[in-house]
Peer 1: 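Quick one: structure below, then a few questions.
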Amino acid sequence: MQTIAERLKTTYARIEQATAQANRPLKSVRLLAVSKTKPVSDIRLAYEAGQRLFGENYIQEGVEKIQALQDCDDIEWHMIGPIQSNKTRVVAAHFDWVQSVDRLKIARRLHEQRPDNLAPLNVCIQLNLDDEASKSGVSAEELPALIDQVSRFKRLRLRGLMAIPKASASSEEQQQTLARLAELFGQYHTKLSNFDTLSVGMSGDLEVAIAHGSHMVRVGTAIFGARNS
Ligand SMILES: *Cc1c(COP(=O)(O)O)cnc(C)c1O
């Protein structure tokens, strides 16, 4: 069985190869290690192997890990799961990024509750281009209004878009969705300063996501193995 350090190395190599193949600069794609359901000891192994960006889906679990890893003070913590409005305060106090903003109420609360001694909270708006009812995220039609509103919140820094394209789609369908996502991202990237992050691509599809302009791939299984629960 491969170690976490070995799997991480393989993942960096995949990113490097896909980035070169797309004629993009290597540093233009960052790796978010998705550690949900995995123990603190696994995160520590990845950290010791050089990984610094970690993503969590569940608020309580994420905050517990952040607190247990306070000695690793250069970790950048990303919230990537759904957020109920009664949980925004703890998210605003502990995370560096929230990629799963999909409504005004959540954004406003994160803005109001971000502690003054911390830098503005980096946020992405989650887009749902497949219109899957089961998944969070705004539609392309809802996006302009939400971007306009979120970009006014001084305690938030609007960094870009996050999406989880449908797993069952054909590769043609998948490419169409990624192309649409890249086009929408491009519209705002040219208009808004700091809007520099298209977060798309996971263990199974990071290559095609990088080919379509992803700046951040979110990888769980390929680094940490199958999820515990
Ligand atoms: C779990 C998760 C990932 C990682 O998925 P893998 O297929 O394990 O790489 C990425 N993004 C989000 C939003 C997730 O919930």
Side-chain angles (χ1 to χ4, degrees), residues 1-18 29-40 42-43 45-46 49 51-63 65-66 75-84 87 91 95-103 106 110 122-138 159-169 171 174 177-178 181 185 197-229:
M1 222 179 82
Q2 282 194 310
T3 64
I4 285 174
E6 284 164 347
R7 293 206 208 97
L8 200 48
K9 211 169 145 192
T10 305
T11 306
Y12 292 137
R14 284 176 66 191
I15 293 170
E16 189 167 347
Q17 192 178 0
V29 182
R30 302 209 291 162
L31 171 61
L32 181 72
V34 177
S35 43
K36 62 178 178 230
T37 81
K38 296 295 173 181
V40 166
D42 282 4
I43 300 177
L45 288 172
Q51 179 62 27
R52 291 294 179 270
L53 275 58
F54 292 90
E56 289 286 336
N57 285 62
Y58 311 105
I59 294 166
Q60 187 57 34
E61 178 189 337
V63 169
K65 289 174 179 174
I66 292 170
I75 291 183
E76 195 178 280
W77 289 102
H78 291 237
M79 178 64 206
I80 60 173
I83 301 170
Q84 309 94 304
K87 298 283 175 54
V91 172
F95 284 85
D96 301 298
W97 285 62
V98 176
Q99 298 198 15
S100 42
V101 171
D102 65 354
R103 52 194 200 276
I106 296 295
L110 291 171
N122 297 289
V123 300
C124 291
I125 291 175
Q126 184 173 350
L127 250 184
N128 178 359
L129 288 182
D130 303 311
D131 289 326
E132 281 181 283
S134 61
K135 229 161 43 189
S136 12
V138 295
R159 297 297 297 270
L161 302 177
M162 186 272 261
I164 314 170
K166 201 156 53 171
S168 58
S171 85
Q174 182 192 32
T177 302
L178 287 168
L181 189 58
F185 172 79
T197 303
L198 176 56
S199 170
V200 64
M202 311 198 289
S203 292
D205 64 355
L206 68 88
E207 283 85 0
V208 61
I210 289 172
H212 284 86
S214 173
H215 302 102
M216 190 180 295
V217 292
R218 308 179 309 266
V219 178
T221 317
I223 298 170
F224 297 108
R227 247 134 7 227
N228 299 341
S229 55

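Counting starts at 1 for both ligands and their atoms, in listed order.
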Peer 1: Are the charged groups of Arg30 and Glu76 less than 4.0 angstrom apart, N to O?
Peer 2: yes
Peer 1: Using the test side chain to side chain donor-acceptor pair (under 3.5 Å), find all partners of Ser214 that sit at least two apart in sequence or belong to another chain.
Peer 2: none
Peer 1: Does some side-chain heavy atom of Arg159 sit less than 4.5 Å from a side-chain heavy atom of Val123?
Peer 2: no
Peer 1: State whether Glu56 and Lys65 are salt-bridged, where the test is any N-O pair (Lys NZ or Arg NE/NH1/NH2 against Asp/Glu carboxylate O) under 4.0 Å.
Peer 2: yes
Peer 1: Output the distance between atom CD1 (Ile80) and atom CG (Asn57), rounded to the nearest 0.5 Å.
Peer 2: 4.0 Å
Peer 1: Non-hydrogen atoms closer than 4.0 Å to ligand 1: which protein residues do they belong to? List them by chain and number, please.
Peer 2: Val34, Lys36, Asn57, Ile80, Ile164, Met202, Ser203, Arg218, Val219, Gly220, Thr221, Arg227
Peer 1: Report yes or no: does Asp102 contribute a side-chain atom to a donor-acceptor pair with the main-chain N or O of Ser136 at less than 3.5 Å?
Peer 2: no
